Amino acid sequence: MTFDEKNKRVYAESVSLIADMGFKDKLSIEEMNFLLNLLDVVIVKKEQPRLIQTLKNWMNTNEGSEIDEIIKATFLAADFNDQESLEQCLQLVTELLESREEQNG
Amino acid sequence: MISELPEEYLFDLESEQRVLSSMLHSEDACIEAYNLLTASDFYSPRNALLFELSCGLFLREVRPTLVEVLKEGHHLGLFTNPRDIEELKYVAEHYIDDENIKYWIGKVKDKSRLRRFVDFLKASYEILMEQQGADVEQILMSAEEKLTNLTALEIDDHVDSPADMANLGYDEVERRFLRYKSINEVNKGLIPLDGLSTGFDNLNHVTLGYKAGDLIILGAQTGHGKTAFALHTAKAIAVDSKKSVLYLNTEMSREQIALRWGSILSAIEHERIRAGSINETELSIILNAYSRLRDSGFYSYPCPNLTPEKTISIARKFKAQKNIELMIIDYIGRMDKFDPRIPEWQMLEQIVKTQKMLAQNLKIAVMCLVQLNADGTMQGARRMKNECDLMLKLTPIPREEFELNEEIKKYLNPNYYLIIEKNRDGRSGVSIPIVFDLQKQTMKDAERISR
């Protein structure tokens, strides 16, 4: 199996897994859609490096605090098909991460 | 008996899944399938549904990936349980290489035609059983017509009967008569166009505009306004009339094309814009000019490695998604060859034939720019002339013309001729004097100063 074929198989398996969890109510519809969009961005469209980096920054420091809940809600509300709205979302998350950092000293 | 045919002989689910999977993984495959198949070509209703979902997304300019199709189906309430996901995943795993898509589409199409043939046999058998006293000649004629439709003709093809042709002809004449009459009354004699404006009143008058299905060839020597002519045409159609135009450029970058627009729309010298040597008032004029471009129907596709096959695929995509009415190829001499061994003239002939077919199939006008030799001749000119509907040449007016030709003296500052070498629908051999401002990259009809 070539690398490309492996990629396609991993992609299809991941889509299936995420959608299955969504259909079985283990993920909310918003969570399911966000993860599916993210998968498309990473594997198929290979774009939005800033989104990936911001997401990584948040994942590395996520403490489950109130601010983290706000950040999660901000990510889930992002419209992946509207670049302007996505940029606004990333700006907001970046500011929230900075303010949390300042609070933690 | 027909009913004894093994059922699996009439469908090929693997081919259907390979086509659908390919559409989920590749935009090129999507364009091919969208143009060559319909939902009714799929045997499985589930596959037909996936095809329709994918085409729906494609038309909305959303790439129909597995994720997008799943989301769309879920949103429409079509995919609601884990079994649906498994089926979709199973289809997605039948991926193939892009170059094989036509083979699999052909297989789906063949089975579809076979099913239509079986339907024809069943219907004919029923007619035989039910109408045993009917006129044999009539039964056979009717069967022959249906069978011909299955074998010789594609779905979109249509044979006009004498009555069809007569009705069509009369309707066309009546439509033109009424339009001419009404415009004559309203606009006091201004001749209505049949197609898209050419951007020159005199050329509009002779050609009645660029019509759907037309292949237009414009020849000019290097540095004598090929791109300026193309963008002047695009301005008339996409900016002034707000219709969609696709512009394929084989040698200029995105930035170069964008800068040319600044000059064309603001009438400020191109060199100064390029150098940034403008004042603040001019900057503001240019900003306003670009806002006209923003609201226009101009789609640019810089493509240094353009091939005839690629033009077909791009044109189909933009016809489906943007409803383009004109495609401009600037210029065909720089297109990659089908086969490197064939001579230049043969390659140009093949490209021009492909573009004529494309114009007719998509019902758009296609304009090809070609380079003239130093002596003003065109390579493969006779063959190109045979294929095209309108052949134009853009050439500087020779100095001696200004002294010897009384007619040219009746125009204000003309410097170029737009020569109509061939015009399928009207007069040819006409030379239209125009003013080409090389600095501002603008063109216009030369004004008549006396009659």
Side-chain angles (χ1 to χ4, degrees), chain A residues 1-52 55 72-87 89, chain B residues 17-31 46-47 49-50 53-54 56-101 104 294 321:
Chain A
M1 193 186 282
T2 65
F3 178 74
D4 187 43
E5 285 171 346
K6 269 185 198 161
N7 243 356
K8 283 175 178 160
R9 180 151 290 183
V10 169
Y11 170 70
E13 288 288 348
S14 308
V15 170
S16 164
L17 185 70
I18 295 166
D20 192 57
M21 289 175 80
F23 286 10
K24 288 178 178 164
D25 289 332
K26 290 177 185 166
L27 290 173
S28 69
I29 294 301
E30 291 78 17
E31 286 168 338
M32 177 182 87
N33 281 339
F34 176 80
L35 290 174
L36 287 173
N37 286 333
L38 190 62
L39 197 63
D40 245 10
V41 160
V42 173
I43 297 188
V44 182
K45 297 169 186 164
K46 297 186 173 70
E47 53 191 27
Q48 309 291 359
R50 191 178 164 209
L51 167 71
I52 312 296
L55 206 53
K72 180 181 169 184
T74 310
F75 271 129
L76 294 186
D79 181 353
F80 280 64
N81 291 322
D82 181 347
Q83 188 60 32
E84 206 174 316
S85 128
L86 194 59
E87 287 295 333
C89 155
Chain B
Q17 284 154 356
R18 293 220 181 264
V19 169
L20 291 169
S21 175
S22 197
M23 289 176 79
L24 295 174
H25 290 115
S26 149
E27 192 178 34
D28 286 345
C30 208
I31 297 169
R46 196 73 178 165
N47 290 343
L49 172 72
L50 288 179
L53 283 176
S54 302
L57 287 165
F58 170 70
L59 284 174
R60 279 165 24 218
E61 295 178 51
V62 178
R63 189 174 155 190
T65 60
L66 177 58
V67 160
E68 293 295 350
V69 170
L70 178 73
K71 275 164 49 192
E72 181 79 350
H74 183 59
H75 175 70
L76 295 172
L78 301 169
F79 303 147
T80 48
N81 67 60
R83 234 190 78 218
D84 297 329
I85 312 167
E86 278 310 306
E87 281 181 11
L88 193 53
K89 192 180 118 198
Y90 181 69
V91 168
E93 282 171 357
H94 282 75
Y95 37 76
I96 52 169
D97 288 335
D98 261 8
E99 56 261 38
N100 298 333
I101 182 70
W104 294 104
R294 188 172 292 114
Q321 295 184 340

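Computed from a prediction, not measured in an experiment: that's the story for all the values here.
- Using a 4.5 Å cut-off between heavy atoms, B:Leu70 touches chain A through its side chain atoms alone.
- The two atoms that bring A:Tyr11 and B:Thr65 nearest to each other are OH-CB, 3.5 Å, heavy atoms only.
- Using a cut-off of 4.0 Å between Lys/Arg side-chain N and Asp/Glu carboxylate O, A:Glu13 and B:Lys89 are scored as salt-bridged.
- Heavy atoms closer than 4.5 Å to chain B are found in the side chain of A:Ile29, but not in its backbone.
- Here the rule is side chain to side chain contact (heavy atoms under 4.5 Å, CB included) with A:Val15, and of B:Val69, B:Leu88, B:Val67 only B:Val67 fits it.
- Annotation for A:Asp20 and B:Pro82: closest pair OD1-CB, 3.1 Å, computed over non-hydrogen atoms.
- Using a 4.5 Å heavy-atom cutoff, the side chains of B:Arg63 and A:Asp40 are not in contact.
- For the residue pair B:Phe79 and A:Phe23, the shortest heavy atom distance occurs at O-CZ, 3.6 Å.
- With a 4.5 angstrom heavy-atom cutoff, B:Glu68 touches chain A via backbone and side-chain atoms both.
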